[in-house]
Structure formats: structure tokens, C-alpha cells
Amino acid sequence: MLKKLLVLFLISLMVSGTAVAQADEENKEIPSQLTSEHWAHKEVAALLEKFGAEKKLPEEKPYPKDVLIDRFVAALVKVAEKYDKEGSRAVTRDDLDSIRSLIVALEAELFKIDA
């Protein structure tokens, strides 16, 4: 849990500046069940592939939002590792835009604290 929060904090710092994306205006809501056609699935799948995360998203059938969140965090860990090794050129503006959109859309789930 602490690692999740640390990674999310680091990524949030990387994308600050225009981090107040207007998810509602762009209809970027994420339902409780997703398919491979949903924009969030496509964004996370692209990040997983590009940054070499071992975990993948289901392609055949609908899956719960928690799976998407788990895979997104796995992608963020890989992004942070690559950024640490290669510097800011390792992560493109498009990558940061995808990450920002996902963080905004998943904010409630990503930053909830278990009591």
C-alpha cells in the first residue's frame, strides 16, 4: 500500500503543471466493469506494453475496475523505474497525458485510505 502511494505521488509530481485535467468534460468516467474497447483499458494496455510490465489486462471478457487499477499501478512502477534509470526523456508527453487522465478518472479509488 505504501509503495502504491509513493509511486502515485511521484507520478503526480511528474505530471503536475496541468494535472487538473477535465475528466468530466471529456467523458472520461470509468465504469465498474470494463472491456477491451474502453478508453481506460486501451491507455493502461499501452502503458503496460511500452514500459514492459509483466501483468496484462484481460482481453476476452469484461473485468472489474480493481483489475484495471492493479495493472495501472504495475505500469506506474515500471514508468518510475524507467524514469529513474533514463531520466525525463524516458517518458513522453503522451505518456504523461495518459497517466494524468487515468489518475484523474481513478482518483477516488487510487487515493482512498483503508481505515
Side-chain angles (χ1 to χ4, degrees):
M1 179 66 176
L2 182 58
K3 187 173 183 179
K4 271 187 187 180
L5 290 174
L6 178 60
V7 169
L8 291 173
F9 177 72
L10 292 174
I11 297 297
S12 294
L13 289 177
M14 286 173 37
V15 298
S16 65
T18 56
V20 186
Q22 299 297 323
D24 291 329
E25 289 180 9
E26 299 174 23
N27 195 20
K28 297 270 185 167
E29 294 182 20
I30 300 177
S32 61
Q33 293 285 314
L34 292 101
T35 67
S36 60
E37 297 302 313
H38 193 272
W39 72 267
H41 173 97
K42 292 175 184 178
E43 297 287 343
V44 172
L47 291 169
L48 290 167
E49 172 123 3
K50 180 173 182 179
F51 292 96
E54 293 177 15
K55 293 182 175 183
K56 303 295 180 206
L57 287 169
E59 294 289 333
E60 301 296 318
K61 57 184 177 178
Y63 60 92
K65 188 190 297 189
D66 289 344
V67 171
L68 179 84
I69 293 168
D70 180 65
R71 302 315 189 268
F72 179 48
V73 170
L76 291 177
V77 169
K78 291 296 187 177
V79 169
E81 289 172 359
K82 187 166 184 170
Y83 182 85
D84 190 40
K85 287 181 186 175
E86 300 175 25
S88 62
R89 285 183 264 169
V91 184
T92 68
R93 172 56 65 192
D94 288 341
D95 298 331
L96 295 177
D97 288 342
S98 293
I99 291 167
R100 179 179 34 256
S101 293
L102 288 159
I103 288 173
V104 169
L106 294 167
E107 182 178 20
E109 292 86 357
L110 290 172
F111 297 107
K112 73 178 172 187
I113 298 175
D114 297 329

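Note that the structure is predicted; figures quoted are calculated from it, not measured. Positions are given from 1 along the sequence.
Here the shortest heavy-atom pairing between A53 and A74 reads CB-O, 4.3 Å. Contact between P64 and Q33 at its shortest, heavy atoms only, is CA-NE2, 3.7 Å.
Between L34 and W39 there is no side-chain heavy-atom pair separated by less than 4.5 Å. In this structure, the side chains of Y63 and H41 come closer than 4.5 Å at one or more pairs of heavy atoms. In this structure, the side chains of K78 and L47 stay at 4.5 Å or more apart for every pair of heavy atoms.
Rounding to the nearest 0.5 Å places CG of L102 at 9.0 Å from CG of L110. How far CD of E59 is from CG of L57: 7.0 Å, rounded to the nearest 0.5 Å. Of the inter-residue distances, the one linking R93 atom CZ with L96 atom CG reads 5.5 Å to the nearest 0.5 angstrom. A distance of 10.5 Å separates CD in E43 from NE2 in H38, rounded to the nearest 0.5 Å.
Within 6.0 Å of atom CD in E109, more than 12 heavy atoms from other residues, nucleotides or ligands are found, so the atom counts as buried in its surroundings. With a 6.0 Å radius and a threshold of 12 heavy atoms from other residues, nucleotides or ligands, E60 has its CD atom at or below the threshold.
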For this session: Could you walk me through whether I103 and F72 pass side chain to side chain contact (heavy atoms under 4.5 Å, CB included), step by step?
Result: CA-CA 9 Å; I103 288 173; F72 179 48; 3.9 Å; yes
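Using a distance-only test at 3.5 Å, with no hydrogens or angles considered, a donor-acceptor pair links the side chain of D95 to the main chain of T92.
Tested against R71 for a side chain to side chain contact (heavy atoms under 4.5 Å, CB included), the candidates D66, L76, L48 yield a single pass: L48.
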